[in-house]
*Asks:* 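Here you go, one structure.
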Amino acid sequence: MPFIDPREHYRRIKTEIDFAITDTLSRGDLVLRQQLRDFEQHLADFVGVKYAVGVNSCYHALHFSLLAAGVGPGDEVITVGHTFVATVSAIVHTGAKPVLVDVRKDYNLDPDKFEGAITPKTKAVIPVHLNGRVCEMDRIADIADSRGIAIIEDAAQALGATFKGNRAGSFGLSGCFSFYPFKSLGGLGDGGAVTTNDPKVARFATLVRFNGEDRQTGEFHHHGYTALLDNVQAAVLDVKLRYLPKWIEHRREIARLYTKGLEGIESLRLPHFLGEEYFDSYQNYVIRTEHRNALRQYLKDQGVETLVHWPKPMWEHKDLALDNPGLLETENICKEVISLPMSAETTSEHVEITVGCIREFFSSCAATLRTAAAD
Ligand SMILES: Cc1ncc(COP(=O)(O)O)c(C=O)c1O
């Protein structure tokens, strides 16, 4: 059983996807055409902001957002240690210093740790809404706003998730999204977007994604980048965006089934952090156990593919030259987490098989593992 199934995903909406591609190609609409503008408008409406600017990855959305916030050499930007490396690389590439803090049990930024890490050099904070769960944005915004710190949301994994009724990507100066194929809204390859209510941020991203050029006047306003969301991609994403609410409901149902099936297993921690003010979109369903590696191997042997986000802390990748910030929770998470199959195509039968294998593992192997660990 694959973690996700891109062929089945395509098969289910093939007619509409094929039409979007051939229609766009037949019109010769390859770069900066109506399909891109339509998708940007629909995305902005969906997120609940005034502007969305299509770029070619969440990395670029983050980088451009930081630049728009005026982040540069000598500044510090606070974010979490438990995130994909692109969050931190975007900071490094501005010349600013990434300051990494720990996450809470829900894998998201701890507002107290954020507050404790602020210095006079702190220019921005990047809360990462991991696994499809929004950070505690009211507290984070209170802290950031009172200190004049810009909030740039890494919402790569959280399109459609809400906190207190507001969607990821609508809280900060800007929100940054990924349309990498395996995200909830996945394109044909790399893709991303900046969302914002600030016209200056929207204009900045619109210019720098296209080498700094204002297309109306031909004037170059910045030394920019080649980082546009391609028109064909936008046309396909626009089709898929219409399905997203249904897909998110499906993911939530799959998560509910996993939780029901796995409850009560000793030494297995489930994502039990509901809270009425949160609406999670379940990019990932992540469980935790100290027997992670053995469980993962067992599932693999049974034909169940799982993923680990991420097996070692970023600072242990020596060539990244990051200081070890000593984040205990992040280090433990790296040793213990495992993501179960989760997508719009995951079925209740898939869940039953995975749950059955996990239960089997714990009833047949865990006692042996406990003895081995104690010896
Ligand atoms: C939390 C997080 N931030 C940033 C990114 C980078 O996204 P992209 O691959 O679109 O640059 C990812 C991608 O996996 C991610 O999971």
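One-based numbering along the sequence shown. Remember, it's 1-based here, ligands and their atoms both numbered in the order they're listed.
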*Asks:* Indicate the ring-plane relationship of Phe179 and Phe177, choosing parallel, tilted or perpendicular according to the 30° and 60° boundaries.
*Replies:*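 Aromatic pair Phe179/Phe177 classed parallel.
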*Asks:* Indicate the ring-plane relationship of Phe273 and Tyr107, choosing parallel, tilted or perpendicular according to the 30° and 60° boundaries.
*Replies:* perpendicular
*Asks:* Parallel, tilted or perpendicular for Phe163 and Tyr278, by the 30°/60° rule?
*Replies:* tilted
*Asks:* Has Arg252 got its NZ or CZ under 6.0 Å from the middle of the six-membered ring of Phe279, at an angle within 45 degrees of the ring axis?
*Replies:*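 Yes.
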*Asks:* Which atom pairs, nitrogen or oxygen on both sides, join ligand 1 and the protein at under 3.5 angstrom?
*Replies:*
unit_1, atom_1, unit_2, atom_2, d
ligand 1, 3 (N), Asp154, OD1, 3.2
ligand 1, 3 (N), Asp154, OD2, 2.7
ligand 1, 10 (O), Cys58, N, 2.9
ligand 1, 10 (O), Ser178, OG, 2.7
ligand 1, 11 (O), Cys58, N, 3.3
ligand 1, 11 (O), Tyr59, N, 2.9
ligand 1, 14 (O), Lys183, NZ, 2.7
ligand 1, 16 (O), Gln157, NE2, 2.9

*Asks:* If the plane angle is over 60° it's perpendicular, under 30° parallel, otherwise tilted; pick one for Phe361 and Tyr298.
*Replies:*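 Answer is tilted, since the angle falls between 30° and 60°.
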*Asks:* Parallel under 30°, tilted from 30 to 60°, perpendicular over 60°: which one fits the rings of His9 and Trp247?
*Replies:* tilted
